[in-house]
Structure formats: C-alpha cells, structure tokens
Amino acid sequence: MADSREPPPLFNDDDDSHKDDDNDDLFTSAVQSPVSELTTPEEPRRQEGLGDPLTSPSPAASPTPDPPSDSHAGNPTDLFESVGEPPVGGLSSVSLESPTGGEGTQQELPSDPDTTLEVSLDDEVDDSALFNATSAPKLQLSQDVPEPPVPASSILPPMGAPLTPPVAPITPTVTPNLTPNVTPAAPAPVTPLPAVRQSPEELEAESGDEFIEIQVSDPQKIGEGMSSYMAYKVTTKTNITYFRKKNWSVTRRFSDFLGLHGKLVEKHLHSGRIIPPAPEKSAIGTTKIKLGSDKTAESGSQDFIEKRRASLERYMNRTGAHPTLRADPDFREFIELDAELPRATQTSALSSAGVLRLFNRVGETVNKMTFKMDESDQWFEEKTQQIESLDAQLRKLHLAMEGLVAYRRELAVSTASFAKSAAILSSVEEHSALSRALHQLAESTERTHTIHHAQADADFYYLSEITKDYIQLIGAVKDVFHERVKTFQTWQHAQSMLAKKREAKAKAELAGRMDKVQQAQEEVAEWEVKVERSQEEFDRISRAIKKEVDRFDVVRVKDFKDMLVKYLEALMTSQQQIIKVWETFMPEAKAIA
C-alpha cells in the first residue's frame, strides 16, 4: 500500500484573514506610496519634489529612488500604474497636459479615500499619439518649483506601521486598462508517486544517436557425445563511447547466455527493472543435438538450432536496447571479453540449482495466490488488469498463429506431392502437347511449393516467435510487479514489528522495569529506521516500475509495428512470385491442341 500521507498544501486556505489583503496587494504593493507619511503637514514642500509620479519609481518598489526623469514618459504601463496610486494628502488638484501641448482638464482629488476619481480626456487621441514618448500626457503637481528627491529612509513609515494601507484605486473611464487582471491559480493537488509517461520522442532523446546491434550467427557443435555443446558467434556493432571498439566478435556457448540472464535478474529485478527473458532450455532438443553428428543431422535438429539462434539474437538485442542493462559490467564483459567465460553452473535444467529454482517458483506462486495486496495506487490497479488481459489475448493469438504456420507448411508439403504426381503423369502421357504442359505444371507447382515453405518460415519468425517472446516479456513484467508486492510485505512486516516493540516498551514502563525500558527503546528506534527504509524502498520501486512499464509499452508498439510490416512485405512478395509462376505457365496450357 502506497504512502497515503498527503504533503502540506501549497496555499493555506484555512486562514481567511489574509485573503483580502493578498488580493488587494497583488498589483498595488509595487506602486502604492505610504500615505501616512505623504499626508503629514510637516513636509508639504518635500512632497512637491517627488517629481513626475508617472515616471518615478515607487518607494515601496525601489529602496533608492532615482531623480525624476521624463525619459520613461512614453511607457504605457507606467501611465496606468500611476493612475492607481492613492491621492497625495495636501494637494488639491492635478493637471493633465494634452498631447498637443495644451492644458488638460483639472479635477479636484477627493479627500475620501473610498471615493473613486474618474479622469477623462477632453480630446480623443489616436493610439499612435497616445503611446508616443514625446506626446504622452504627464501628471504634474500644481507647484512649479521642483525640489530634489527625498531619500527613501525619510519617507518610510515608522516600525510596525503597514507599508501598503488599503486605498481605493482610480479607474480611468476613457483609456483602456492595459494591466492584465491576473488571478492567483488555485493550488494543484499533489499526488504521490506520479506516473511519468514517456513518449517515443523522449525515449529517443534519452538514447540520442547511440545504437547497438548484436548478431548471433554460425552455430557450431564443439565436442562429441554428452559432453558436447553448441557455440555461437556474437558480433556487436555500436557507437556507444564506453565500449572499447566499434565492431568486434566473440564466441559464446548457450549456457553463457543463461548465466548472463541470471546475473542481470539477481542485480536488477529488485530495483524494478524489466529483464528480457532468455530462451528456454530444452532437454529433448539438446540431447538430440549432442547424440547426433554434423553429417547425419536431421532437419528437425537444424530447425531447432535455427530457432534457438534467432531467439538468442532477439534476447541480446532487447537487453542491449535497455540503457541500464547494456551498461552493466556483466553484459559488457559478455560481449567484449575475447576469451572463454567462467562456466555457468546453475543453468542445467536437471541440476540441483534447477530443482531449487523450481521449488522457489512454486513457493512464489503460492505466495501470489494467498497474499492479496490492498492496492491504493490506481495506476498499478489499472496496469495489472491491462497486463492480465494482454497476456490472455496474446496467448490466443499465438495459438492461432501456430495453427496458421502448421497449415502453411502442410500446404507446402501437399503442393510438393502434387508436383511429383504431375511429373509422373507427364512421363506416361502420349500426347506431346499435353505431356509438355503437364511437365511445365509440375515445375510450376514445385516452385510454388518452395514459395509456400518460405512463407511458412516468415509466418513463424515474424508472427509466432515475436508473439511468444512478448508472452515471456509479460511474464517478466509480472515478476517486477510481484517484486513490488514483496517489498510491500517487508514494509508491512516492519510496521507490525514496530507496533509490537512499542507495546512491549509501554508494558515495561507501566511495570516500572527500567532495565527493559532502555532495551525496548533501542528496539523501537531500530524498527522505526527499518520502517522508514522499507517505505522508501517501496516508493522507489514503484517509481521505477512506472517508468519501466511506460518504456515497455512504447517499445512493444514499435516491435509489433515492425512485425506486421515485415510480415505483410513477405506475404506480398510471396504472392507476387506465385502470380509470376502461373503467368509463365499460362501460355503452355493454352498451347494444348
């Protein structure tokens, strides 16, 4: 169960006493002047020397005011920010100079701070003249004798006095308000452990232009009898900087691939990484290969070797495509070390390690069935259902594809049988034109048999095997989800033990047994650390799984797209070849007289 504690809100909505102040001061604090000092009768002349209110910065906004200047008179923002300033005490009127140089209309400033002063312009001015730096209307004080600006320290209010008392803003009636009405955004709800959805572009940006391409080829049988094994040539091409070379080849046996997979699972599964599954070990197929010889190898053994080679190549490329797994030292040693690796001792299906793995799988299966986790994260609940549904549908698809491959191969066999029968019939036919047509029919059918067999292989490798790989990959995703459940169990166990230790400590304190209180207190502190560590581990693996599953979904869509495109291309090619074969035979059939 994910941590249900919510972080503190971004805004304190409970304190209503500051709501009005916050809204009032949102845009007025930067332009308002301290009224309490400006209206004092001791400094009437000092107020007159404040300069042009439209251009001079507010004392609240700048600690050191600059001398008055008309260089900013054309700023349209200052025009209406100055209009919103409070009326200065002791001043009875202000004048607006028209853009043409004449005097504007004088209006009396109300003494009541709650009264809204409406300022209007007598002459309509076009927008170009209004925002001209040389013709913008300037608000001036009635006295003509300017004085130097007053230092900020002399006009600040005394300690404890409010800097921005609420005043009534002056709203212009003619000129449009250019200041945007910005409303503070409501605090967004904070959800723990957000799912980071990565698009294909983001995944490509992470890897950049890096690529790694691994090819498994040239299977060779080394040794004789039951001690023999199959070795494969692993060729790697890459431009990743932490690899020593750009193109190299090594030789690895099948047990080396299984040993690499076991090391990666042991190191990265508990961290929430999805480890691509290695090809399954077949005792029957391996025994046939060991007991047979290269010269008398059956077609079934050759098919088995080719299937294993292709599956090993897909496994290596999937592992190399993962940015974390390809940087693992064991993976780099596997593809780079030009020497024989240490023998993997736990890969045999009939070994004691294999039997132990079987019992561990049975125990984990029972644990999955008996323990039900109360899921609090909706993402994991939905994703678990999606994975289960995807697994069931892929198994049905794989079963149908296996039937398609079997029917296609049966069609190829039947076509070959028909070709032989047509050839025999052409040899006994006395009519020369008919005999020649039957012979041509046998050759065309034989060519069609080859095309059907090639299409059956394409169905198998492009459809059936890719679907089977993804069934195993979904099993790897389920293993990662189960690892998260195990982490949750560890967390719950630590919490239950902490509760027991606290209860034991409370009993010892009530009994007055101070010798056990100290020990109980140490145990409580120890289990508190374990609970905190377990919770952090649960949160960490949850975040890692979300990222891994998102990446898995993106790669899955790409793989299925490539699978369908390759299958359709192979199917179209085979159909075009069959059409050409029968178009060639058509003149022979028409020539029968």
Side-chain angles (χ1 to χ4, degrees), residues 197-217 235-239 274 276-277 279 303 306-323 326 386-387 389-409 411-412 447-477 548-581:
R197 184 75 178 181
Q198 288 186 311
S199 62
E201 293 77 9
E202 293 174 344
L203 290 176
E204 292 179 1
E206 287 185 358
S207 59
D209 297 332
E210 297 179 347
F211 79 93
I212 181 170
E213 184 178 327
I214 303 175
Q215 182 180 2
V216 180
S217 60
T235 304
T236 306
K237 297 179 181 179
T238 183
N239 64 347
I274 299 177
D303 291 342
E306 177 61 24
K307 291 177 184 178
R308 173 171 285 185
R309 184 208 63 79
S311 61
L312 288 174
E313 184 173 300
R314 292 193 300 269
Y315 163 71
M316 292 300 299
N317 281 284
R318 284 197 179 99
T319 306
H322 198 290
R326 72 184 176 205
Q386 177 186 352
I387 291 296
S389 177
L390 183 62
D391 185 20
Q393 297 301 324
L394 283 179
R395 291 183 183 276
K396 293 180 180 179
L397 179 62
H398 180 255
L399 184 62
M401 289 178 178
E402 284 186 336
L404 175 62
V405 172
Y407 294 149
R408 189 93 65 181
R409 286 179 176 170
L411 174 62
R447 293 170 61 187
T448 305
H449 149 72
T450 306
I451 297 173
H452 285 323
H453 187 74
Q455 183 59 41
D457 291 340
D459 294 345
F460 177 78
Y461 289 107
Y462 292 154
L463 292 181
S464 180
E465 285 294 279
I466 300 297
T467 307
K468 182 180 178 181
D469 288 347
Y470 265 92
I471 292 174
Q472 296 177 351
L473 278 170
I474 288 179
V477 175
E548 285 289 305
V549 172
D550 289 341
R551 181 183 179 278
F552 169 77
D553 289 339
V554 173
V555 175
R556 175 175 56 85
V557 173
K558 180 180 180 299
D559 286 347
F560 272 82
K561 174 186 175 181
D562 296 340
M563 176 190 73
L564 293 176
V565 170
K566 291 180 180 179
Y567 171 72
L568 292 177
E569 290 176 350
L571 186 61
M572 292 173 61
T573 301
S574 64
Q575 295 299 322
Q576 290 173 358
Q577 292 174 353
I578 291 174
I579 291 174
K580 290 181 180 179
V581 168

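Between the side chain of S574 and the backbone N or O of L571, at least one donor-acceptor pair lies under 3.5 Å. N317 contributes no side-chain N or O that, together with a main-chain N or O of E213, makes up a donor-acceptor pair within less than 3.5 Å. Counting only distance, with no hydrogens or angles, the side chain of H449 and the backbone of A412 share a donor-acceptor pair below 3.5 Å.
Tested against E465, the residues R314, R309, K307 include a single salt bridge (charged side-chain N to carboxylate O under 4.0 Å, His left out) partner, R314. Test D457, D459, D303 against R409 for salt bridge (charged side-chain N to carboxylate O under 4.0 Å, His left out) and you get one pass: D457.
In terms of heavy-atom proximity, M316 sits nearest to V216 at CG-CG2, 4.4 Å. Between P277 and Q472, the shortest heavy-atom distance links the atoms CG-CB, 3.5 Å. Residues H452 and I578 share a closest heavy-atom pair of CE1-CD1, 3.6 Å. Minimum heavy-atom separation, V405 to A456: CG1-O, 3.9 Å. Pairing each heavy atom of S464 with each of H398, the nearest pair is O-CD2, 3.2 Å. The two residues Y461 and A310 have their closest heavy-atom pair at CE2-CB, 4.1 Å.
One finds the CG atom of L473 at 13.0 Å from the NZ atom of K468 (value rounded to the nearest 0.5 Å). Distance check, rounded to the nearest 0.5 Å: CZ of R326 to OG1 of T319 gives 11.5 Å. In this structure, CD1 on I474 lies 10.5 Å from CD1 on I274, to the nearest 0.5 angstrom. We find the CG-CD1 distance between L411 and I451 to be 11.5 Å, quoted to the nearest 0.5 Å. Here CG of N239 is found 9.5 Å from CD1 of I212. Values are rounded to the nearest 0.5 Å. Taking CG from L394 and OG1 from T467, the interatomic distance works out to 6.5 Å, rounded to the nearest 0.5 Å.
Look at R556 and D553 and you find a salt bridge, because one of the NZ, NE, NH1 or NH2 atoms lies within 4.0 Å of a carboxylate O, short of that distance. Salt-bridge formation is not detected for the pair D562/K566: no Lys NZ or Arg NE/NH1/NH2 atom is positioned less than 4.0 Å from an Asp or Glu carboxylate oxygen.
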After noting the C-alpha distance and the side-chain angles of R395 and I471, does the key distance pass the side-chain contact (heavy atoms from CB on, under 4.5 Å) rule?
CA-CA 7 Å; R395 291 183 183 276; I471 292 174; 3.7 Å; yes
Y567/Q455 under side-chain contact (heavy atoms from CB on, under 4.5 Å): CA gap, chis, key distance, verdict
CA-CA 9 Å; Y567 171 72; Q455 183 59 41; 3.7 Å; yes
Take M401 and Y462, measure what side-chain contact (heavy atoms from CB on, under 4.5 Å) needs, and give me the verdict at the end.
CA-CA 10 Å; M401 289 178 178; Y462 292 154; over 6 Å; no
Give the C-alpha distance, both sets of side-chain angles, the deciding distance and a yes or no for side-chain contact (heavy atoms from CB on, under 4.5 Å) between T238 and E210.
CA-CA 7 Å; T238 183; E210 297 179 347; over 6 Å; no
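Heavy-atom contacts from other residues, nucleotides or ligands closer than 6.0 Å to CZ of F560 number more than 12.
For the residue pair D559 and Y470, a side-chain donor N or O sits within less than 3.5 Å of a side-chain acceptor on the partner.
For R318 and F552, the positive end is not near the middle of the six-membered ring at less than 6.0 Å and at most 45° from its axis.
Residues S311 and E306 have side chains not in contact (no heavy-atom distance under 4.5 Å, counting atoms from C-beta outward).
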